[in-house]
Structures are given as C-alpha cells and as structure tokens.
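Before any comments, here is the structure.
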Amino acid sequence: MADRIEVLYDEETLGKRIRELGEEISRDFEGKEITIICILKGASFFACELAKRITVPVYFDFMRVSSYGNETESSGVVKIVQDLDEPIRGKNVIVVEDIIDSGRSMHYLFEILRSRGPASLKLCSLLNKPDRRVTEVDIDYNGFDIPDKFVVGYGLDYAQKYRNLPYIGVVIPEE
Ligand code: IMP
Ligand code: MG
C-alpha cells in the first residue's frame, strides 16, 4: 500500500540551504582542513551535497551507528556498527547527520568522538525537531527546524523506504 507523502522542502529549497551551510562552514574553517563524518545511511545524500559546496580541503569518512530502541524512539545507547577508517585525533571534525530528534543518539556519539581527541568537533544536521528534544544537543550548522512530524526523503527512510526521494516530505498515515 502506498503512503501519501506531502512535500515539505523541495529539491531547490534544499539545494539553496545546503549551499548556504557549505559557505558558512567554508568561512569558519578558512585556511584549515576538515573531516566530515557522514552518519550512514540517512545523512548520505545531504553529506555529499554539502561536501560539494565546501571550498576548504575535505576528508570524507563514514560511520554507521544503530541506536537500541524501537522504530520511532531511540534509547540513546548507540552501537557503532561501522567505524571510521581514519583516526580523528587533532582533526577538525564535522559530524553530518540527517535529523536530530530526541538528541539521544548524537549526545552519546559525541561523547565517544570527543574521547578520541579531535581538535574541534561540530555538528551539522539537515533537519531538527526541537519539540522532541530530550537530551541537550548543540547544532552548530542547522538546515531547518521542523515540526514534530515524521519525514522521509533525501536520505531519510520510513522502514527503509523513500530514501531516494529528491525532496523532504511528511508521511501522511492512511486511515
Ligand atoms: P534521536 O536519537 O532521537 O535524535 O534520533 C535521531 C535518529 O532518528 C535520526 O538519525 C533518524 O535516523 C531517526 N529519525 C528521527 N526522526 C525521524 C523522521 O522524522 N524521519 C526519519 N527518521 C527519523
Ligand atoms: Mg539516522
């Protein structure tokens, strides 16, 4: 059965905001190199587009984490399913995530990454649901604040579906 999906941000709007974030990061890190950590799988589309808009040298690495919990609620205890290829000690790290919801996953992951001794550690998220926050998380580069709705597309999934949509949309549950 097909779910109904209402467009929240179309491709052009996303592209424009991602370009702005890339420019902001490029300014902040002028004369330096950065390491982007793309959080798989959700942030993959965003991280690729963002990296293309950054004008300082970028190292690109991936991490896959799974948070113990059910489909819609993360427990905050994060298991590293796939770790980085390279150490981050002394590096300027920007974690790129798709969405911050309760904030539990990033709070926990940041503790792990901080213990590895990066020179700096920042968070960039395409989307943010401030109403859902349980654990405080500082988002250094935030794409959009969104209402408490379940969204898909541009890397985000609903039961592994809809990642490939070129826009962000709200899933309208069928009655
Ligand atoms: P947090 O630990 O509650 O902040 O969980 C954040 C993670 O939950 C994100 O990385 C997504 O994988 C998932 N998530 C939260 N809200 C949504 C949504 O609206 N659509 C798709 N995935 C979501
Ligand atoms: Mg995720």
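Quantities reported herein were computed from a predicted structural model and do not represent experimental measurements. Both counts, for ligands and for their atoms, begin at 1 and track the order of listing. Note: hydrogens, waters and symmetry copies are ignored here, and every other heavy atom, side chains too, is used.
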Could you establish whether [X] and ligand 1 come within less than 4.0 Å of each other, counting only heavy atoms on the residue side?
| X | value |
| --- | --- |
| Arg132 | no |
| Val151 | yes |
| Asp157 | yes |
| Lys149 | yes |

Item checked: Set of residues satisfying side-chain contact (heavy atoms from CB on, under 4.5 Å) with respect to Ser120, sequence neighbours excluded ->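 Here the qualifying residues are Phe29, Asn92.
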Check: In terms of side-chain geometry, is the basic nitrogen of Glu49 or Lys52 positioned less than 4.0 Å from the acidic oxygen of its partner?
Finding: yes
Checklist line | Lys/Arg N to Asp/Glu carboxylate O, Arg116 vs Asp83, below 4.0 Å | finding: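 Asp83 and Arg116: salt-bridged.
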Which of the atoms of ligand 1 are close to [X], meaning less than 4.0 Å from one of its heavy atoms?
| X | answer |
| --- | --- |
| Arg104 | 2 (O), 4 (O) |
| Ser105 | 1 (P), 2 (O), 5 (O) |
| Glu97 | 10 (O) |

Margin query: Going by side chain to side chain donor-acceptor pair (under 3.5 Å), name the residues that satisfy it together with Glu20, two or more places apart in sequence or in a different chain.
Written below: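 Applying side chain to side chain donor-acceptor pair (under 3.5 Å) to Glu20 gives Lys16, Arg17.
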Check: Can you tell which of Thr13, Val151, Leu14 makes a side chain to side chain contact (heavy atoms under 4.5 Å, CB included) with Leu8?
Finding: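 Of the listed options, the one satisfying the test is Val151.
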Notebook entry, point to check: What part of Asp98, side chain from CB on, backbone N/CA/C/O, both or neither, has a heavy atom under 4.0 Å from ligand 1?
Noted result: side chain
Item checked: Which segment of Met106 sits under 4.0 Å of ligand 1 when only heavy atoms are counted ->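 Neither part.
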Next item on the list: Check the angle between the aromatic planes of Phe60 and Phe62 and answer parallel, tilted or perpendicular using the 30° and 60° thresholds.
Entry: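 Perpendicular, since the angle between the ring planes exceeds 60°.
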Note to self: Considering Gly42, Ser102, Ser66 one by one, which has a heavy atom nearer to atom 3 (O) of ligand 1 than any of the others?
What the structure shows: Ser102
Note to self: Atom OH of residue position Tyr59 - does it have more than 12 heavy atoms of other residues, nucleotides or ligands inside 6.0 Å?
What the structure shows: no
Next item on the list: State whether the number of non-hydrogen atoms from other residues, nucleotides or ligands found under 6.0 Å of Glu111 atom CD is greater than 12.
Entry: yes
Next item on the list: Could you say whether the N/O atoms of Leu156 and ligand 1 ever approach to under 3.5 Å?
Entry: no
